[in-house]
Structures are given as C-alpha cells and as structure tokens.
Novice: 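Here it is: the structure, laid out below.
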Amino acid sequence: MADYNPSVIEKKWQQYWEQNQVFNAKVNPNKPKFYSLDMFPYPSGAGLHVGHPLGYIASDIVTRYKRLQGFNVLHPMGYDSFGLPAEQYAIQTGQHPAITTEENITRYTEQLKNIGFAFDWEKEVRTSNQDYYKWTQWIFMQLFNSYYDKEENKAKSISSLIERFQTTGNLGLNAVCDEDTIDFTAEDWENFSDEEKQKTLLKYRLTYLAETTVNWCAALGTVLSNDEVKDGFSERGGHPVERKKMMQWSMRITAYADRLLEGLEKVDWNEPIKEMQRNWIGKSKGAEMVFQVKGHDKQIKVFTTRIDTIYGVTYLALAPEHDFVADLITKDQEKIANEYIATAKNRSERDRMSDVKTISGAFTGSYAINPFNGEEIQIWIADYVLAGYGTGAVMAVPAHDERDFNFAKHFDLEIRQVIEGSMENGSFPGKGGTIINSDFLSNLPMQQAMDKAIAFLEEHKIGKGKIQYRMRDAIFTRQRYWGEPLPVYFNDGLPYLINEQDLPLVLPEVDKYLPTEDGEPPLARASNWTYTTASGTYPLEKSTMPGWAGSSWYFFRYMDPKNSEEFVSSEKAAYWGAVDLYIGGAEHATGHLLYSRFWTKFLFDIGTVPIEEPFQKMINQGMIQGRSNFVYRIKGSNKFVSHGLKDQYDTSAMHVDVNIVHNDQLNLEKFTAWRPDLVDATFILEDGKYICGSEVEKMSKSKYNVVNPDDIIERYGADTLRLYEMFLGPLEQFKPWNTNGIDGVSKFLKKLWKLYHDNQGNVAVSNDKASPEELKTLHKTIKKTKEDLDNYSFNTSVASFMICVNELSALKCNKREILEPLAVIISPYAPHVAEELWSLLGHENSIVEAAFPVFNESYLVESSHEYPVSVNGKMRTKLSLSLSLSKEEIEKAALEDETVQKWLEGKAPKKMIVVPGKIVNIVI
RNA sequence: GCCGGGAUGGUGGAAUUGGUAGACACGCAAGACUUAAAAUCUUGUGGCUUCACGGCCGUGCGGGUUCGAUUCCCGCUCCUGGUACCA
C-alpha cells in the first residue's frame with residue numbers, strides 16, 4: 001500500500017516492543033542463557049554522537065541473532081551516573097548534580113530507544129540511585145571485613161583473623177599486609193589496647209586507610225588513580241597533577257595480582273588487552289638482598305631481577321626520597337648532595353617523565369659492602385631510581401643495564417663485565433650468556449647462577465628470592481561530592497563501619513559543591529554529617545568513592561536490579577553467570593576491566609557469586625573518529641573558493657559544520673544561514689559545486705564534526721543508521737565517521753522493501769515453489785550471515801544482504817519460501833523493517849520469536865566450476881568444466897584450450913598443477 | 001625506547017586453510033524516464049597501452065620461499081594505540 005517509510009514503521013515497532021515487554025529477560029532453566037553486556041555509559045550533557053552506538057549496535061545484532069537461535073538473552077542497559085562532569089556543572093551553576101544527571105539520562109534513553117535496541121529496560125540500573133549504591137557500600141563493608149590468606153589463596157573474614165591472633169598472634173601467618181607490619185604473639189595481642197588492635201587490623205583489611213603518595217589534582221580538588229592520569233595531567237579536563245602524601249582509603253588489589261594474571265588465561269579477550277593488563281600488573285621475579293653500609297648500622301635493601309650479575313655491581317643508587325639518604329651523606333659531600341636532593345625533589349613528576357635523557361646524581365660519600373665479595377662500593381643518589389618501586393634502591397650493574405651504564409659513563413664509574421659477550425655497543429643484558437669474573441658463579445648459565453646466588457643469600461640470611469609487582473594498591477577515595485559516601489565513621493581517629501541496617505548511607509545535601517575553606521571535601525559542608533551509636537555521636541568519612549566503585553559490579557546487579565535483600569540473588573547469579581559477550585572500547589583496559597575482575601574474585605571468595613571471571617568474551621570496538629570539513633576563505637575577503645581551486649588563491653581553511661555538507665559538497669544556502677557573518681559570502685565554484693576539504697580528527701564540538709544519530713535517523717531511519725555503522729568496516733578498526741556511503745545502505749532497504757511489494761506498492765508475495773537459483777541465493781546468504789555473525793564480521797554480512805537482494809531483484813523473486821527466511825536473517829541488523837515485512841507476510845507474532853533458518857548445503861551444490869587457467873601463475877583464461885572430471889581430464893581440457901595453446905607456442909608444459917574445484921596452473 | 005594494531009582503486013572496504021586481487025557500496029561518466037529537477041533504472045569505471053583482440057604494471061618499500069603470495073619468512077618506511085627511567 002505504501003513506500004518504505006521508516007519514520008512510521010520504526011516508531012510503531014519500538015512501541016510494540018516496549019508495550020509487549022518483548023525483551024524482558026527471565027530466568028528459564030530450560031533454555032540456554034546468553035548474557036550480552038555493553039560498557040556502562042556515563043550520561044554526559046552532550047548526548048550521544050554517532051560513535052557511541054557502534055558497539056551497542058553490534059551487541060544488539062548478536063543478541064537478536066542468539067534469540068533466533070533459541071537462547072534466553074539478557075541484554076541490559078543502565079547508567080554510571082556518578083561522576084565529575086555533573087559535579088563541575090553543579091559547581092558552576094549551583095544546580096544539584098542529581099537534576100542534571102536525571103536530565104541527561106532522559107535524553108540518553110530517548111536517543112537509545114530511537115535506534116531500536118533490544119534492551120531490557122526493566123533491568124536498568126543507575127549507580128547514583130540509593131537502592132544501587134546501598135550495595136556498593138555493602139561490598140565496601142565486606143572488603144573492610146576481609147583479609148587475604150595466602151595459604152588458602154583467597155579472602156577470608158577479619159573475625160577469623162582475630163581468632164587466629166588470639167591463639168598464635170601473627171607468627172607464621174601467611175597473609176597479605178602492609179610492609180611495616182611487626183610480628184606479635186597471642187599474648188601481645190591480648191595486651192594491645194583497642195586502638196592498637198584496630199591499627200593492626202587495618203594493616204590486613206582489603207580496604208584500609210593509610211598515608212599514601214597520591215596523584216593530587218588541585219584544579220579538580222581531588223586525588224586521582226593512576227589510570228586517571230595521563231602524562232602528568234588529569235585524563236578528564238587535562239589539569240596538572242602532582243604527587244602528594246595524604247591519608248586515603250585504598251583497596252588491596254595487589255593481593256589479587258597473581259590471580260588477576262592467571263585469570264587472563266581463561267578468558268577469550270584479544271591478546272593486546274591481555275598484554276596491557278599483564279604490563280600494568282608488571283610481575284617480575286627476582287631477589288631482594290641487603291648491603292651493609294660501611295661504618296654504619298644501616299643496611300640498604302635492594303630488589304633485582306638479575307642477581308646473577310651480583311659480581312658486576314660497582315655502585316648502589318638510591319632514590320632522592322629514600323629514607324636513609326640524609327644519614328648517608330658525609331661531611332665532604334654535604335653541599336653537593338643536599339643541593340642535588342633539593343633540585344631533584346623540586347622537579348615535578350612531569351619534568352622527570354618528560355626529561356629522561358638528562359643524567360643526574362650525586363655521591364653520598366658513603367660506601368656499602370657487597371656481601372658476595374666484600375668489596376666496597378660507592379652509594380649514589382640518582383633520580384633514575386624511583387622511590388615508589390621495589391625498595392627505592394638499586395644495585396647498579398653498568399655492564400648489563402643500559403641506565404646503569406649511562407650513569408656510570410656520565411660519572412666515570414667502573415663498568416665491570418660479568419657475562420660473556422662483546423661490550424662494543426655498550427651495555428648488554430646478556431640473557432642466555434655465560435657468567436664470567438664471578439667467583440663461584442662463573443661459567444654458569446643465567447638461571448643456574450640466579451638459583452645459586454639466591455641460595456647464597458638465604459644461607460647467609462641477607463636476602464631471598466622475591467616477586468615484585470609494578471601495580472600499586474588502588475586509591476579508593478575522592479574529595480568530591482557526587483559519589484557514594486563511605487559507610488565509615490571515626491572514633492579517636494580510627495575508622496569503624498556503620499551498621500549494615502543503616503545502609504544506604506545517603507549522600508547529604510550541601511549548600512555548595514566546593515571544598516570547604518580549610519580544604520576539606522564538600523561533604524564537610526553537610527550539617528550533621530555524623531553517625532550515632534549507643535556510645536556516642538561520631539563524624540562520618542567526608543570523602544566519597546571513586547567512579548570505578550559503582551562500575552566494578554554493575555553486571556551482577558543487572559541480573560536482579562530490584563532485589564532489596566541481596567545485591568543479586570544466588571539463583572539469578574547462578575543462572576546468568578559470566579557475561580558471554582562484552583563489547584566496548586579498549587580505553588578501559590587497565591582501569592575498569594581490572595577493578596571489575598578484582599571485585600568479582602573477591603565476591604567469589606566470600607561466596608556471593610559463582611564466577612571468578614566476569615567477562616568471558618570481549619571485543620574491543622574501534623573508536624569512530626570525526627571527519628571534519630573545511631571551506632577556504634580568500635584571505636581578507638568573504639569569498640570562499642572550492643577545494644580543487646584553492647591553490648590558485650591565498651586562502652585560509654575554516655572548519656565548517658559537517659551537517660551542512662553532503663558528500664563533501666557544501667549546501668550554500670545553509671552555509672550562508674549558518675552564521676551572521678556569512679550572509680553575504682560569495683563563492684568560486686568548480687563544476688557549479690562547492691567542494692569541501694576534509695580531515696580526520698577527534699569528534700568534538702569545536703571542530704563542528706559531531707554527528708548526532710537523531711539527525712541520521714530523521715533523514716534515513718534507524719535501520720539505515722544501524723546497517724551503515726556496521727557497513728563502515730570491521731568493528732574493531734578505528735575509522736572516521738563519513739556519511740558518504742550512507743545512500744547505498746538506504747537504497748538497499750528500499751530495494752528490500754520492493755521485493756515484497758508490486759509496482760503499485762501493494763504487498764505481493766507468491767506461495768509458489770522457489771526456483772533452484774532463488775534457493776541458492778537464499779542459502780548462500782544464510783550460510784554467509786551465520787559465519788559472519790559467529791566471527792563478529794558485521795560489515796561483510798551487510799554486503800552479502802546487498803548481493804542477495806540484488807540477485808533476488810534480478811530474478812524478480814516474490815516467493816514466500818524465500819522472502820520469509822530473508823526477513824528473519826536480516827532482522828538482527830534492521831529489526832524495524834524486518835518486523836514490518838514479517839507482519840505484512842501475515843504473521844501475528846513478533847519476528848524475534850522466529851527461528852534462524854537452517855542452512856541447506858544441497859542448494860549450493862554445483863555440477864561445474866569455472867576454472868581459472870593460469871600460465872606461470874598469471875590468469876590467462878577461464879574454462880567451465882564439470883566437477884566430476886578427474887585431474888587428468890581437467891589437464892587435458894586445459895591443454896586443448898585455444899588461449900593455452902597460444903601461450904604454449906607448441907612447446908610441452910614443464911609442469912601442471914591441477915587443484916580440482918579450484919585452479920589450473922601451467923608452468924612453461 | 002619497549003609492547004600492540006595497521007598500510008589494498010578517487011573513497012569506505014572485500015578476498016575465512018597460499019589458488020581468478022579490487023566483492024559490496026560511495027563517487028564519477030554516459031544513457032533512459034521527466035517540460036525541468038529530484039527520485040529511480042541501465043551501462044561503464046585500478047593505472048598505462050591498444051581502433052579492437054590483447055598486452056604490461058599493480059595490495060607501503062626492498063629481498064626471499066613457492067607452480068602460484070594481499071596472505072608465509074627476513075629487512076626497512078610511514079601512520080596509529082598503549083606504556084615509559086619498574087632495577
């Protein structure tokens with residue numbers, strides 16, 4: 001009855017899906033489950049641009065496909081709604097962040113619904129809702145009440161640790177704790193004051209309060225985690241970040257370092273992301289040992305991965321911040337050493353990072369003794385040694401370490417080779433070489449020398465083998481308003497948890513969202529930010545949780561978002577299990593993806609969830625970049641010259657809104673109306689058109705290259721947007737958004753529509769038997785689509801649909817036997833038009849209840865093959881031959897061919913390669 | 001510096017175990033329909049060469065393996081993501 005009209009049918013089906021709760025997921029043990037997760041969006045004020053839905057479209061296609069295959073699918077969406085931008089906006093405008101957040105969420109939801117996603121909106125969660133963050137706080141409490149037992153390799157309850165302290169103290173206890181924990185007996189424990197007991201327990205708790213060196217961002221007024229800092233600047237906003245010592249809550253993620261590393265073996269993620277996590281965890285095996293300082297009672301502890309090179313040590317280097325530095329400086333070195341420390345300390349973290357070439361250091365005047373050979377070696381201060389890694393001191397082996405080598409060269413220190421090889425090109429690591437000049441280690445290969453050296457250390461009680469991690473414990477507090485309050489109060493400066501019945505601890509109202517005049521976090525502005533127990537009223541913690549708190553467990557809450565008794569019921573957690581497919585950007589590789597794995601492992605340890613790894617399969621979508629358009633203004637005029645002619649004039653390029661450019665052709669009317677100063681603009685055209693230049697840049701407002709999906713949907717429809725985003729190229733690849741090809745996709749949908757209609761626009765579908773060609777086209781497409789979906793190759797599927805529709809159009813096919821399954825296989829990609837066609841075919845139910853058609857090989861069987869015949873590897877002619885021919889028969893047929901005869905020039909071929917069903921190659 | 005990813009027509013991209021390079025689409029050109037435009041449809045379209053048949057070149061560059069290489073191996077160039085004195 002009508003032409004293809006996406007705006008009408010898309011609204012219609014979106015309403016149908018919503019009203020009939022089509023995508024509502026319920027536990028159903030009779031069906032296999034499939035849990036598909038999209039990365040948790042932060043609802044920003046700018047709304048969605050076309051880059052955001054890329055991954056959502058891909059996962060939506062997969063879930064719709066899985067449904068057609070009989071899976072029970074959970075495909076939820078929600079919002080990571082605590083965060084900095086809403087708070088910054090609140091500071092500027094006084095508007096409560098909850099209001100802005102609500103508005104942004106409304107807009108996001110509307111935009112997402114316009115694209116026709118099969119989300120189960122019943123499962124929506126928002127991290128800033130009380131009934132959500134109640135459980136974020138609850139998980140924090142469990143972490144506070146747990147410690148990590150290395151013996152059993154899992155988290156256990158603090159109450160069991162107390163029992164242990166009461167019987168044997170911490171002697172022989174193998175648990176993760178602070179470095180400075182001292183040994184104590186059961187008797188000591190009994191004699192501890194309550195305060196001492198609490199302080200001791202804090203050294204074991206999986207979340208603890210401690211003085212830590214943090215990344216302090218003054219402009220944002222808060223601390224940041226390592227992954228929120230890029231090159232010394234905050235990731236959000238680009239403000240400078242400095243190192244500062246502060247009392248902060250931390251999460252003992254390092255306790256899980258090994259399990260986080262091992263778990264990577266069990267998940268199906270791409271290798272680069274796994275590698276990034278491995279590097280971030282940074283496990284290195286080595287040894288820790290002490291050097292006695294000559295004439296001192298002090299011992300300097302160093303960590304090394306190359307204890308085999310111990311005889312090559314020619315000096316020790318200490319970080320300028322090392323605790324011993326002041327004591328080791330002798331009178332005659334005082335001036336020079338202290339000056340150096342002062343300059344090194346004043347150099348900001350950023351300078352130190354950006355300037356790694358400059359070699360600097362100072363001799364302390366003191367000497368240490370190498371316990372292996374009794375040699376005295378100089379102790380230096382050097383800022384290439386980091387205070388935060390290992391022990392803050394290194395044993396320098398200039399011959400086999402590049403940094404030590406450069407330092408030794410610069411200060412003219414001894415370089416002593418202890419591994420066989422040539423020193424011509426400076427230092428070399430010499431892995432695999434034989435040890436020389438090393439007393440009892442000489443003539444051994446690296447590994448054996450290490451083992452022997454470690455045995456020596458242990459025998460003389462001066463060291464041991466040790467595993468070091470680069471990863472630090474994760475700071476868990478932010479001095480901000482818009483985040484989860486910590487369920488903690490203070491009594492005599494020591495932290496205690498509030499009662500579980502008092503959860504959630506609701507975020508209080510404040511007059512302003514800024515820190516107080518004394519630099520306290522915004523929560524200090526709240527009146528009565530206190531907690532009352534039977535024994536009195538106490539102040540509550542004033543910092544809030546970081547952004548990653550709420551996002552580290554949201555995938556569990558989606559299973560059971562309204563549960564008020566538990567964060568997820570064990571029945572639902574058991575049924576839905578791990579996420580089967582997680583699609584999102586790679587930017588979360590070392591933040592969210594590591595923290596989520598950590599919390600999941602912890603929740604597993606305490607028996608609340610049945611899985612250890614939350615995300616079984618992960619795909620990282622490539623970012624969609626912006627594609628900017630430019631116009632060229634002749635300098636000093638209001639005249640613009642088309643791209644092809646711009647070199648004939650003296651011009652300056654100007655960004656132009658990509659939304660008034662189509663296929664790089666500028667819409668002149670819209671351009672002159674774009675800005676007041678352009679009303680009287682004039683143009684120099686080429687072939688009657690103004691062609692714009694283009695460049696790939698980040699998508700941003702200032703570059704006028706932001707494309708809103710709503711605009712595309714209004715012009716072409718959501719199905720076109722969905723297909724086009726997929727058609728753009730492989731999901732994982734980075735690519736610029738470019739609407740130049742979108743017409744092709746839109747045309748394809750119109751052609752598809754026409755297959756089901758006659759020239760008058762009436763539905764015209766025949767019940768006649770389909771022809772072999774028609775069946776072949778259909779089944780070829782079924783096969784290809786299925787393979788592509790299984791490989792997440794969405795762009796090639798779209799191409800195969802186009803081929804299919806082109807072929808069926810050429811065949812003038814209108815058979816139900818073909819068109820019905822065709823609608824089904826296209827439905828994951830273009831669900832609205834598929835639903836409409838399905839209903840036009842007379843179906844009462846939704847197409848999501850259909851079954852994915854079964855591929856039938858027999859329709860594709862060919863009796864003959866068009867053989868490409870090559871001469872010396874170059875294709876010269878084609879020969880259509882029956883597939884039943886033997887190799888010899890094919891060979892004979894090929895040699896008889898006219899073109900082949902011509903190339904042979906009467907000679908006999910040297911060799912013939914015949915691959916039946918594939919090719920023929922003749923070597924002359 | 002180190003660890004990843006990539007480079008194919010004017011453009012986005014395809015070629016799933018080495019077997020017809022350029023599928024599909026955009027753009028462009030010509031034509032049909034139209035008073036005209038839009039829309040739609042048809043045909044052509046890697047480069048060079050040829051009236052044509054055809055030939056030569058061609059997947060970032062230089063080598064190699066192979067009957068045959070976009071695909072495998074070695075050595076480079078450029079772009080891009082991560083990471084950065086981690087001992």
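We name chains A, B, ... by the order of the sequence lines, and we start the count at 1 in each one.
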Novice: State, without any angle test, whether A:E807 and A:T777 hold a side-chain donor-acceptor pair at a distance under 3.5 Å.
Specialist: yes
Novice: What nucleic acid atoms does A:P730 come within less than 4.0 Å of, heavy atoms only: base, sugar-phosphate, or nothing?
Specialist: sugar-phosphate
Novice: Considering Watson-Crick and G-U wobble pairs with both distances under 3.5 Å, what does B:C67 pair with?
Specialist: B:G19
Novice: Base, sugar-phosphate alone, or nothing: which one does A:K747 contact when heavy atoms must sit under 4.0 Å apart?
Specialist: sugar-phosphate
Novice: Looking at A:R470, does any N or O in its side chain come under 4.0 Å of the phosphate oxygens OP1/OP2 on B:A84?
Specialist: yes
Novice: Between B:U17 and B:U70, how far apart are the two P atoms, rounded to whole Å?
Specialist: 15 Å
Novice: Hunt down the Watson-Crick or G-U wobble partner of B:U83, both distances under 3.5 Å, from any strand shown, or write none.
Specialist: B:G1
Novice: Listing time: all N or O pairs from protein to nucleotides 67-69 of chain B that are below 3.5 Å?
Specialist:
unit_1 : atom_1 : unit_2 : atom_2 : d
B:C67  : OP1    : A:K911 : NZ     : 3.4
B:C67  : O2'    : A:N921 : ND2    : 3.2
B:C67  : O2     : A:N921 : ND2    : 2.6

Novice: Give A:F727 one of three labels, base, sugar-phosphate or nothing, depending on what nucleic acid heavy atoms sit under 4.0 Å from its own.
Specialist: base
Novice: Can you tell me the pairing partner of B:C41 across any strand shown, Watson-Crick or G-U wobble, with both distances under 3.5 angstrom?
Specialist: B:G31
Novice: Taking the minimum atom-to-atom distance to the side chain of A:R876, which one of B:U20, B:C56, B:A87 wins?
Specialist: B:C56
Novice: Mind checking A:S284 for me? I need base, sugar-phosphate or nothing, with any heavy atom below 4.0 Å counting as a touch.
Specialist: sugar-phosphate
Novice: With the side chain of A:W903 defined as its heavy atoms from C-beta on, choose the nearest nucleotide among B:A25, B:C56, B:A87.
Specialist: B:C56
Novice: Phosphate oxygens OP1/OP2 of B:G5: is one of them under 4.0 Å from a side-chain N or O of A:N620?
Specialist: no
Novice: Quick check for you: among B:U20, B:A87, B:G5, whose closest atom lies nearest to any side-chain atom of A:K878?
Specialist: B:U20
Novice: If you measure from the C1' atom in B:G62 to the same atom in B:U83, how many Å do you get, rounded?
Specialist: 31 Å
Novice: Respond yes when some side-chain nitrogen or oxygen of A:R403 is under 4.0 Å from OP1 or OP2 of B:C2, and no when none is.
Specialist: no
Novice: Could you measure the distance from the NZ atom of A:K786 to the NZ atom of A:K784? Nearest 0.5 Å is fine.
Specialist: 13.5 Å
Novice: Distance check: side-chain N/O of A:Q733 vs OP1/OP2 of B:G12, anything under 4.0 Å?
Specialist: no
Novice: If you check the A:P272 side chain, which of B:U17, B:G13, B:G5 turns out closest?
Specialist: B:G5
Novice: Looking at every strand, decide which applies to A:S870 at a 4.0 Å heavy-atom threshold: base, sugar-phosphate, or nothing.
Specialist: nothing
Novice: Check every strand shown and say whether A:W737 touches a base, only sugar-phosphate, or nothing at a heavy-atom separation below 4.0 Å.
Specialist: nothing
Novice: Using OP1 and OP2 only, check whether a side-chain N or O of A:T305 sits under 4.0 Å from B:C86.
Specialist: no
Novice: Is A:D788 touching bases, backbone alone, or none of the nucleic acid, heavy atoms closer than 4.0 Å?
Specialist: base
Novice: Considering heavy-atom distances to RNA chain B, does A:A586 or A:K754 have its closest nucleotide positioned more toward the 5' end?
Specialist: A:K754
Novice: Counting side-chain heavy atoms from CB outward, which of B:C86, B:C24, B:U40 is closest to A:L386?
Specialist: B:C86
Novice: Classify the side chain of A:K784 and the base of B:U16 as holding, or not holding, a donor-acceptor pair under 3.5 Å.
Specialist: yes
